[in-house]
Amino acid sequence: MMMSLHFSNLIYLGNINFLLTPVFLRGVFASAHLVLLIVLSVYCVYNRVTNKPVNSLEVNKHSRFFCYRSTLFSSLVLSIFYLLLCVLKYFFWRRNRWSDGDVAIQLDLVLRTLAWVVIFAYLYAHFSNSRESKFPLILRIWWGFFFLFSCSLLVIDLVLHSNHRFLPIHLWSLDVISAVAGLFFLYAALFGKREEGESLLEQPLLNSGSSNVLDEFEKSRGGQNVTPFANANLFSILTFSWLSPMFAVGYKKTIDLDDVPQLYHKDSVKSVYPIIKNKLDSYCNNGGVTNFKLVKALFFSLWREILLTAFLALTYNLASYVGPYLIDTFVQFLNGQREFRNEGYVLVSAFIFAKLAECLSQRHWYFRLQQVGIRARGTLVAMIYKKSQSLSSQAKQSHTTGEIINYMAVDAERIGDFSWYMHDAWLIPIQVSLALSILYKNIGLASIAALVATIIVMLINVPLGKLLEKFQEKLMDCKDERMKKTSEILRNMRILKLQAWEMKFLSKVIELRKNEEGWLKKYVYSNAVTTFIFWGAPTFVAVVSFVSCMVMGIPLESGKILSALATFRILQEPIYVLPDLISMAVQTKVSLDRIKSFLNLNDLDPDVIEYVPRGTSEFAVEIHVGNFSWDSSSSNPALRDLNVQVRRGMRVAVCGTVGSGKSSLLASILGEVPKVSGSVKLSGTKAYVAQSPWIQSGKIEENILFGKEMDRDRYEMVLEACALKKDLEIFSFGDQTVIGERGINLSGGQKQRVQIARALYQEADIYLFDDPFSAVDAHTGAHLFKKCLLGLLASKTIIYVTHQVEFLPSADLILVMKDGRIVQSGMYHEILNSGTEFMELVRAHKTALSAIDDKPRPSSENFVRVGNDKKTGEEDEREGTNGKTDEIVVPKAQIVQEEEREKGKVNFQVYWKYLTMAYGGALVPLILLAQVLFQLLEIASNYWMAWGTPVSKDMKPPVEGSTLIVVYVELAIGSSIFVLLRALLLVTAGYKTATLLFNKMHFCIFHAPMSFFDATPSGRILNRASTDQSAVDLNIPVLIEKFAFTVIQVLGVVAVMSQVAWQIFVVFIPVIVACIFYEQYYIATARELSRLLGVNKAPLIQHFSESISGSSTIRSFDQESRFMDTNLKLMDNYSQSKFHNAGALQWLCFRLDMLSSIVFTFSLVFLISMPTGVINPGFAGLAVTYGLNLNTLLLMTMWSICNVENKMISVERILQYTCIPSEPPLVIEANRPDQDWPSDGKVDIHDLQVRYAPHMPLVLRGLTCSFPGGMKTGIVGRTGSGKSTLIQTLFRIIEPTAGHIIIDGINISTIGLHELRSRLSIIPQDPTMFEGSVRSNLDPLEEYSDEQIWEALDRCQLGDEVRRKEGKLDAAVAENGENWSVGQRQLVCLGRVLLKRSKFLVLDEATASVDTATDNLIQQTLREQFSNCTVITIAHRISSVLDSDFVALLDDGLLLEYDTPTKLLDNKSSLFSKLDLPIWNGLAGDGNDRVEDGVKGRKLALECQKLVMVSCLLVRGTEEEMPNDFLDISSSNS
């Protein structure tokens, strides 16, 4: 019984063992493949017979089959892999005779190859044109079986290995690759299906009404050609031939953005952003964004591409180690030790197949990585932009525009760049393991020493990496600070030049740059040490390994030595990448933290406003017990106890002193101010006109339409109502004139009227006007009030803030505000006697109107009239404080041109200037010499090892082992010293050059005339100061280094290979010629693509900046989705250049790889063809070792040439800005005025003629007059008459064409600009405050004590306000002074001139943004503090010049009247006396109106006059003091 049981067990165990043998396992799998071949062939024939041919037009052009391309590609790769194993098995791995297992394995490989070739052919030829919704059932079943059986084989392999059964490497690779491929095919079987158009998840949610997203997407792109990549066949994708049409165009002409194909919709941010955003929202589930959730959303949205790049990366790394693995075998073959026939050809085939696999996988790995980066970057930019448009006011104050732009330009870019590193974390262990296995095969246990040496080098790199990361983080922080300051300076350059502060602010930028340079210096020198370690690591590891071999007694053979040397060289990559990976991972983590924190900021509360459907309420606006606070942590709300009810069609006026909460009231209605308590209800759409005009870069027409379709009739009515028609007639391009950044080429009044026109065109139900009339003169203000508020908007609900009392009687309701409360409300006559607040405003207005009564009234015979009479009908405002007069004919070109970019090759002078800028170029030859010596010593050390070691163990070595190692170590140390010297010299030269370029560019920018800043958007300057400067700081020295050093290395490799076989030159020379041709063919297109990258980035940054500054206006018009679409389009424009630039580089690299492979193949074939003994096998092996890197070096050389030229464009762009025409000298030593100049302040103007450009007509046409010293002169006139031009000429912002201005006997054109501007003071119309503190804003030059500053604050009525703030003089001022009202900012400007106490003061609409009471206080302060000074005042309010000693009236660039204001007012024929009439006549109607309307208007005008003048009487209590003009106007109107 026991015997029977034992026998049964033996039979059972024998059967089990048989089932695990290769004969059974491989035979079963081979049979399965044979069955598949038969079934698939029958299936194809059946389909061919039964199915009708498919008309391609019947298939939806937008339908795509998910996983089709990847399945097709995988089938091809798998069949090639099986074919390669089959060939290697037959020629290389066979030993002596074939066993049954060998036959089964070979049969399995043959049938696998045939089966997968047939699968590929079926998918490519038949299935691609079918209409099947899924893969055929037979294939899906087969893929499932294939995966299960492959996994079973892999499990059996593991079991056998655990039982110490040896398995050949080819079986391991066969089963591992099959299992991985099977997993993919199983996924394709389960999820592969045809998709019609886009899935719901991928539809952009920005326009919910879109029915066909893809059609809308194509339509939005103007029908331009989509990249051929979208429809390229497999061969075209593999070889990047889909880019050839673009190269053909680029070789013939300079390509523009229109020549670059549009992105494939899968790569467009318009498609990718909604997918990732939806995933992120689903992960967050109303919670906060975390780094994990953000990364998870990115990964699971882009996982297909990420897995594909992982497969390609693995393939590349496996293929790259084939060469080092086979070198020893190749050397032994050349030495005569041959395993089988044709072994040499098999070895050559293996080398070449590995090279091809390495080339294809690397090229597509790199390209797909950048594709992933482009998608991730675009999505993050879209998220940041979307968030910036919904930030709460408090969150926005804590993040400046510059910081938010940095999230987009730096952090999103960095996360996109991390795609290069995302696989390195798991690749590095694989690379090291492969290297160690090869080393173990060659040098045995000495490989452990190699491992220890490698770990030591890596550990040394880790602290260096952390140090580099710290330095780079500090460097980025310093750069952020510098860019923030630079951006602020560029926005306010005009005021800096007027105040002669530009050099002080330049010194601040230089100081910030010095801090940045300190960290830059530490970074580049630390990087030099890292470079030294990179180049010295292979030598160090080799020395340790070879010394260990000597100590352990392991024989050294030339083949094994060369194999080890090739392996050490490959080990460079993981050693170098590890610190980079750590550094990049930490940087990416920091960027993710910053973006995460930004995305988690508080949004505006959408529930602040309750929207009531139209027709359900009689009130358009209703606020009930409203309390609002800009700062949620503050216990003192900005607005308190608001109760407002505004019926439909009402006109509501809001008035009050500076800082009383008027603008905050409008903001609360818009939902911009956080609500503490109460309720706000709106019924209808709204439109908003801000106090500070927000104008978008673009055409005037686009600004007015603001996204709406053109309605020509309404458009013309709006232009007429806003008095813009004559302005447009003046412009050469009419309403197609392109507005510069921040409306730089429009006057202040024009900007205001354009934004009023924008609001009017929207046809909203509720209109909110925040003091829009302060920037225009009295006449234009009356016209706007009558035509807009009383005309086009007569039936609309209007709430308008105003400081002008004359506009109050027309309101149905007046709200008087003080300290955030509504202290009075009612109609004009109701509240006149109901409280003191409104009476104070009226009293201030009365004081201004009656100021003339305090002066003697001479007879009219002294009246002075200069020039010809002009009619005084309605004219349009044409000029404002920014110095652009609008009555002149503008140039035939737009003021803002497309950004200048060079075309063709980068000029040699650019290279020469860069190379010779630091130390006259003295370091360049030293750097090259150090590299040549390094290369010679490295080759010599390898030659020494190849010569000094025997080819096989039975040969006697030429030298002793100790001598061999000592000489090798000496040569290694020498090469390491030279590589360290080279690195240090290089960073020294690069650092010095970057510093000189920065200083030179900024010096030229700050010395540029104001016309340069008017015509140049700040985004262009910032792009050079940021992106281009970073390239000069960090990238260009490295790229030039790579170019020079790879050229030297290529020459070294060719020299080594030619020593063995000089015949290589027969192939090498034609290949080099072909490489140069390809490089030239490529660079013509790539150069322009690189330039387009820089050009396309500036509009993206500019749009970002504009959108942030105008976010409240955008939200008020409900235009967020349109602006988001524009941002996505600009991002796609940038990405399409980046995408094709990435593809173009791989197009070139693929072709260069193929060419270098030809040289390598020729050399290998030549070597195996030579008889044994003719060539030293050691030297031949050395040639092959160097030849393995030939393709990489040749590629790096051509890539470096192209990349250097691309990056040198940054130098070219910086050098452009070092050649800007400069202003006249700031100081002329030979002609400096006295310290007390101007002592009197007398101004003599003689025949002054001014034009803005040589091709433009005169603005001032022969002006001659004198302003007495120590007296006050007012300059008035219709806006557009030349007032601000005169002031700008006085400060020499514009140089006179003819004539001259003399102040106290000195011609101002003969002294330095700073000598002039620093002696004059000005209060501009646009109040400017800089980010910092109150002290730094009042005293930026740090010249005054705290006592003097407090005294100035008290005099300008800001002392109490500043004392209430935490920090007092150190109280924070936000960017652009956003946490101060416009009126308060104007008072700060007054405080500056009070500190300066100049003898010469210019007021350019200095009180336009303050109420009348504050205006009177300012005028009183100026009278007291500047009683003995020359004061020149430009004013829209006549009351501002009534107390002047003289008044000059300009019109059309001519001086028409000049006399005392009393004389001019007394003479009823004077133009000056009629300037204040339009306030009333404007309301009365013009002669073109219908008679009925005119009569009604004149009656309304009389009522308005009576109400205002009655208020004056109530305050003054006597009728005798009523101005005579009132009686004259009344009688004429009646």
Side-chain angles (χ1 to χ4, degrees), residues 390 392-394 602-657 659-690 764-771 793 795-802 808 811-828 830-831 834-835 837-838 1112 1115-1118 1381:
S390 61
S392 67
S393 56
Q394 191 173 358
N602 291 331
D603 286 338
L604 287 170
D605 186 358
D607 298 326
V608 168
I609 306 296
E610 180 184 344
Y611 291 95
V612 179
R614 298 183 203 178
T616 60
S617 173
E618 59 179 317
F619 299 109
V621 179
E622 187 174 4
I623 303 176
H624 178 65
V625 196
N627 289 278
F628 303 87
S629 177
W630 291 104
D631 184 359
S632 58
S633 62
S634 174
S635 59
N636 187 21
L639 298 173
R640 289 167 288 173
D641 304 326
L642 297 186
N643 286 284
V644 179
Q645 289 183 323
V646 180
R647 298 180 185 277
R648 295 185 181 282
M650 283 183 69
R651 279 191 298 274
V652 179
V654 183
C655 59
T657 57
S660 58
K662 304 182 296 298
S663 298
S664 296
L665 174 62
L666 297 190
S668 67
I669 296 172
L670 291 171
E672 298 288 323
V673 190
K675 181 176 64 176
V676 177
S677 61
S679 64
V680 182
K681 296 180 181 179
L682 289 186
S683 178
T685 57
K686 57 189 182 300
Y688 172 59
V689 178
D765 300 314
I766 304 166
Y767 284 83
L768 307 175
F769 293 90
D770 193 354
D771 197 16
L793 304 181
S795 61
K796 305 290 185 180
T797 305
I798 304 169
I799 302 176
Y800 61 98
V801 171
T802 183
L808 297 178
D812 301 312
L813 175 66
I814 299 173
L815 304 177
V816 183
M817 299 199 67
K818 183 178 181 181
D819 296 332
R821 283 193 172 94
I822 299 175
V823 292
Q824 288 181 267
S825 64
M827 295 187 67
Y828 188 91
E830 293 173 353
I831 64 173
S834 64
E837 305 301 333
F838 189 65
S1112 57
R1115 286 191 293 266
S1116 69
F1117 287 94
D1118 298 322
S1381 73

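Computed over heavy atoms, backbone and side chain alike; hydrogens, waters and symmetry mates excluded.
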Heavy-atom check, side chain of V673 versus side chain of W630, under 4.5 Å: yes
Side-chain (D765) to main-chain (T685) donor-acceptor, under 3.5 angstrom: yes
Pair D603-S390, side-chain donor/acceptor within less than 3.5 Å: yes
Heavy-atom side-chain proximity of V646 to T797 below 4.5 angstrom: yes
Atom pair CG (L793) and OH (Y767), whose distance is rounded to the nearest 0.5 Å: 5.5 Å
pair N627-K675: side-chain heavy atoms closer than 4.5 Å: no
Nearest heavy-atom neighbours spanning F769 and L666: O-CD1, 3.6 Å
Reported OH-to-CD distance for the pair Y688 and E672, which is rounded to 0.5 angstrom: 8.0 Å
Separation between CG of D607 and OG of S679, rounded to the nearest 0.5 Å: 12.5 Å
The single option from I799, V654, V801 passing side chain to side chain contact (heavy atoms under 4.5 Å, CB included) against L815: V654
Side-chain touch S668/F628, heavy atoms, less than 4.5 angstrom: yes
Sidechain-backbone polar pair: K796 side chain, M650 backbone, donor-acceptor under 3.5 Å: no
Atom pair CE/OG of M817 and S825 - distance to nearest 0.5 Å: 11.0 Å
Residue pair R640 / D819, side-chain heavy-atom distance below 4.5 Å: yes
Short side-chain donor-acceptor distance under 3.5 Å, S617 and R648: no
Separation of L604 CG from S392 OG (nearest 0.5 Å): 6.0 Å
Side-chain heavy-atom pair L642, L665 within 4.5 angstrom cut-off: yes
Heavy-atom side-chain contact between K686 and Y611 under 4.5 Å: yes
Sole residue of I669, N643, L639 in side chain to side chain contact (heavy atoms under 4.5 Å, CB included) with I623: I669
Min side-chain heavy-atom separation V612-L682 under 4.5 Å: no
Criterion side chain to side chain contact (heavy atoms under 4.5 Å, CB included) on L808 and C655, from CA distance to verdict: CA-CA 9 Å; L808 297 178; C655 59; 4.3 Å; yes
R647 CZ to F619 CZ distance, which is reported to the nearest 0.5 Å: 4.5 Å
Candidate pair V621 and I766, rule side chain to side chain contact (heavy atoms under 4.5 Å, CB included), full reasoning: CA-CA 8 Å; V621 179; I766 304 166; 4.0 Å; yes
